[in-house]
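The figures that follow rest on heavy atoms only: side chains count, while hydrogens, waters and symmetry mates do not. Here is the naming used below: chain letters follow the sequence lines, and residue numbers restart at 1 for every chain.
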2 protein chains.
Amino acid sequence: MEAESPAKRGVDLVKPLRCIVKLGGAAITCKNELEKIHEANLQTIASQLREAMSANPSSRKKLGMDWSKRLGADDSEVCVNVDDFISQESLGHSSFVVVHGAGSFGHFQASKSGVHKGGLTLPLVKAGFVATRVSVTSLNLEVVRALAREGLPSIGMSPFSCGWSTCERKISSANLASVIKALDSGFVPVLHGDAVIDDSLGCTILSGDVIIRHLADHLRPNYVVFLTDVLGVYDHPPSEPDAVLLREIAVSKDGSWSVVKPLPGDASEHVEITVAAHDTTGGMATKIAEAAVIAKTGIDVYIVKAATDHAVRALRGEIRGALPEDWLGTAIRFSG
Amino acid sequence: MEAESPAKRGVDLVKPLRCIVKLGGAAITCKNELEKIHEANLQTIASQLREAMSANPSSRKKLGMDWSKRLGADDSEVCVNVDDFISQESLGHSSFVVVHGAGSFGHFQASKSGVHKGGLTLPLVKAGFVATRVSVTSLNLEVVRALAREGLPSIGMSPFSCGWSTCERKISSANLASVIKALDSGFVPVLHGDAVIDDSLGCTILSGDVIIRHLADHLRPNYVVFLTDVLGVYDHPPSEPDAVLLREIAVSKDGSWSVVKPLPGDASEHVEITVAAHDTTGGMATKIAEAAVIAKTGIDVYIVKAATDHAVRALRGEIRGALPEDWLGTAIRFSG
């Protein structure tokens with residue numbers, strides 16, 4: 001199924017990478033409220049990730065790995081039962097990498113200062129760079145904690161501080177060695193969209209989607225899952241009454257793509273391919289284009305609504321064969 | 001072995017590094033209260049750092065770089081006046097690296113699980129590794145925010161996630177490139193003691209002091225300042241009535257050291273060199289030994305009480321020549 005073998009790309013993981021999952025900013029934060037986490041969604045996503053990663057999740061007691069006091073709760077008790085861990089045979093799970101967006105974190109700081117436009121020597125841009133990173137790393141810490149509470153050995157990896165940088169907004173340096181080391185040691189790396197140094201512009205914003213494309217290209221996961229706040233990709237903004245969910249998109253060798261399900265010729269549905277922008281980081285057209293770049297190398301991409309049963313099935317890899325009729329989401333795959 | 005020039009070590013910084021400063025865990029947290037930051041001390045330390053780093057601090061308005069909501073204050077307003085930054089000519093400052101200890105963060109998690117003893121394949125150790133990192137990275141974020149609020153362009157760099165690892169507790173891999181890139185771009189890197197992978201033991205704790213020794217060895221700062229919760233190094237635990245503050249320690253080429261002030265023969269004082277352990281990370285004897293390793297390469301080391309006037313003077317580099325009579329602290333220097 002894959003177009004190229006991992007060996008060909010030169011990255012040897014101890015255990016093959018099963019999945020890279022993007023937690024969309026709109027799915028884990030409350031979009032219209034500054035720096036507000038969507039706690040319920042985040043908790044469900046973490047729990048579903050645990051279910052998808054464990055070989056036999058029901059047989060195991062959940063052993064939390066966040067032993068810190070809760071945010072803003074000064075009197076909260078930290079409770080750890082060491083014996084629970086000692087009786088546990090192994091924490092084995094399949095390999096996942098998590099990348100999250102910013103949602104209502106970072107955007108205010110970035111747009112106030114114009115970090116995405118560069119010019120790091122300007123006091124406003126430098127301050128905005130620091131402020132953006134304070135905001136997105138706060139979110140990263142909370143995502144890491146939510147996964148740790150579910151018993152997933154999560155490790156926050158902040159791209160800029162780990163050595164990721166760009167040149168004319170394209171990745172020029174990435175710290176894959178640290179990601180690989182964490183995976184090989186049995187951890188779940190958690191990266192995020194970040195403000196980074198750009199060798200040409202001074203600085204810019206490196207989006208989570210671009211990070212995923214780079215990681216997919218080098219680490220060759222079996223599949224990539226984008227968790228968003230809508231069912232998948234629509235031909236129109238999903239708020240419009242005649243919006244049609246694009247269920248399957250075929251990508252050819254040259255990266256061009258076409259809708260397979262529903263067929264544009266289907267009498268009952270009127271599908272338009274001019275996809276409008278309706279998410280916070282560049283719109284669905286960008287999302288399909290990014291996904292197509294991954295899919296054309298033979299890696300399935302699923303875009304699915306976070307915290308739903310459809311998401312669990314995608315995370316488990318159940319969508320890899322024929323598309324189940326009752327699965328709602330967008331599958332983007334290589335058609336040869 | 002050491003006593004080599006910066007050029008010889010092959011690290012070329014755009015601007016020479018002025019100072020590496022250690023924020024001792026005991027100085028920035030409340031030692032006896034789990035995960036409690038000493039807010040007043042941390043704020044004063046940040047303000048003193050700003051004063052020491054700025055060429056002409058009084059002439060400049062403080063322009064905060066933490067534009068996020070405050071911890072636990074959901075309704076706090078984020079206030080940024082963009083015009084203040086635009087009228088600012090430059091944020092130029094001398095180059096500093098900050099490394100902090102853990103204090104009441106991380107120790108509970110590390111000691112419950114035995115992370116420092118290794119054995120990462122054991123479920124308890126792996127969970128403790130994750131829990132320790134959640135705790136110390138929470139502290140790191142708060143230190144970064146405190147510095148950013150004072151207008152210092154701080155960047156959190158978490159050693160494990162950035163690629164630092166050890167072999168038999170000695171640093172085997174360090175991500176100096178990211179630290180250098182951050183310094184060259186005008187940021188203040190903020191590292192911390194961390195749980196890391198140890199190629200021989202599985203995992204261990206990499207202390208802030210060992211990180212400082214490594215950074216000093218490669219980045220060649222003019223001087224290193226350790227901010228602690230006591231005036232400096234004493235011959236006895238400072239809680240004892242006859243404890244004498246060791247004001248100056250001379251280190252020779254072979255790394256051996258002796259007390260210069262007060263002289264052991266001074267009739268009015270009885271100085272003993274058997275230094276007892278009385279801090280949270282290995283005691284003052286370890287601290288002198290670590291400092292001596294740095295000092296024997298020709299870099300002055302000052303151990304001084306955080307948030308005091310003595311600390312500001314040390315941070316400014318005023319102690320580099322003859323020891324001022326009214327300065328209280330411990331200066332550890334190369335004697336040739």
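Residues B:Ser68 and A:Gln109 are in side-chain contact: their nearest non-hydrogen atoms beyond the backbone lie under 4.5 Å apart. With a 4.5 Å cut-off on side-chain heavy atoms, B:Phe129 and A:Met65 do not count as touching. Contact of the B:Phe85 side chain with the A:Ser113 side chain is not registered, since no non-hydrogen atoms from C-beta on lie closer than 4.5 Å.
Among B:Gly106, B:Ala182, B:Gly128, B:Cys203, the residue with the largest count of heavy-atom pairs under 4.5 Å with chain A is B:Gly128. Here B:Val134 is the residue among B:Val80, B:Asp66, B:Val134, B:Leu120 with the most heavy-atom pairs under 4.5 Å with chain A. Between chain A and the options B:Gly186, B:Gly64, B:Ala148, heavy-atom pairs under 4.5 Å are most frequent for B:Gly186.
The contact list for residues 164-181 of chain B toward chain A, using heavy atoms and a distance under 4.5 Å, reads B:Ser165, B:Asn175, B:Ser178, B:Lys181 by residue number.
If you measure heavy-atom distances from B:Ser158 to chain A, you find no contacts under 4.5 Å at all. With a 4.5 Å cut-off on non-hydrogen atoms, B:Phe105 does not touch chain A at all. For chain A, the nearby part of B:Asp199 is the side chain; its heavy atoms alone come within less than 4.5 Å. With a 4.5 Å cut-off on non-hydrogen atoms, B:Val144 touches chain A through its side chain but not through its backbone.
Closest approach of B:Arg145 and A:Ser138 over heavy atoms only: NH1-OG, 4.3 Å. Summarising the geometry of A:Glu35 relative to B:Lys69, their closest heavy-atom pair is OE1-N, 2.9 Å, with the distance given to 0.1 Å.
Rounding to the nearest 0.5 angstrom, the gap separating the CD1 atom in A:Ile155 from the CZ atom in B:Arg133 is 4.5 Å.
Between the side chain of B:Lys126 and the main chain of A:Ser185, a donor-acceptor pair closer than 3.5 Å is present.
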